[in-house]
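Please read the structure below before turning to the comments.
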Amino acid sequence: MGFGDLPEGTSLSKSFIDTFWGEILRDGTDGAVLLGSPEGGGHSVDPGTALPIDIQVIYPGQSPAYERLTGLNAQQLG
């Protein structure tokens with residue numbers, strides 16, 4: 001799962017990083033967040049099943065970027 005078009009200097013909150021069960025492939029500092037399943041699997045989502053996830057993104061300064069996520073996507077890679 002990922003999203004982009006974030007302002008330079010964006011980061012994921014420490015509380016999210018410390019508790020997220022998957023891999024953080026891009027942490028927002030380059031303008032995008034990309035999250036993946038841990039290597040070797042172990043997590044799956046059955047079709048039609050909700051997967052709630054709470055991501056806190058820290059924006060630098062007074063950025064209005066928080067008003068909406070752009071380029072939001074999720075896909076099965078394996």
Side-chain angles (χ1 to χ4, degrees):
M1 183 187 90
F3 50 91
D5 292 332
L6 301 172
E8 186 176 326
T10 297
S11 63
L12 293 171
S13 71
K14 181 171 176 7
S15 61
F16 176 78
I17 292 169
D18 289 347
T19 59
F20 182 58
W21 51 263
E23 289 185 66
I24 298 171
L25 304 172
R26 295 173 77 178
D27 66 2
T29 55
D30 66 351
V33 169
L34 184 60
L35 307 173
S37 295
E39 190 169 327
H43 285 82
S44 64
V45 180
D46 294 327
T49 303
L51 175 64
I53 187 166
D54 185 17
I55 302 171
Q56 183 178 19
V57 180
I58 311 297
Y59 297 109
Q62 299 281 330
S63 174
Y66 72 91
E67 295 174 358
R68 65 177 244 217
L69 295 176
T70 60
L72 181 61
N73 66 78
Q75 62 184 358
Q76 181 174 331
L77 299 176

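Reckoned from all heavy atoms, side chains included, excluding hydrogens, waters and symmetry mates.
In this structure, the side chain to side chain donor-acceptor pair (under 3.5 Å) partners of Ser15, at least two apart in sequence or on a different chain, are Ser13. Shown here are the side chain to side chain contact (heavy atoms under 4.5 Å, CB included) partners of Thr29, two or more places apart in sequence or in another chain: Asp27.
Residues Ile55 and Phe3 have side chains in contact (heavy-atom distance under 4.5 Å, counting atoms from C-beta outward).
Atom CZ in Arg26 sits 11.5 Å away from atom CG in Leu35 (nearest 0.5 Å). Rounded to the nearest 0.5 Å, atoms CG (Leu12) and CD1 (Ile58) are 8.5 Å apart. Note: Met1 CE to Leu25 CG = 11.5 Å, rounded to the nearest 0.5 Å. Distance check, rounded to the nearest 0.5 Å: CD of Gln56 to CD1 of Ile17 gives 10.5 Å.
Between Trp21 and Ser37, the closest heavy-atom pair is CZ3-CA, 4.2 Å. Closest heavy-atom contact between Gly28 and Leu6: CA-CD1, 4.2 Å.
Counting non-hydrogen atoms of neighbouring residues, nucleotides and ligands closer than 6.0 angstrom, the CG atom of Asp18 exceeds 12 such neighbours.
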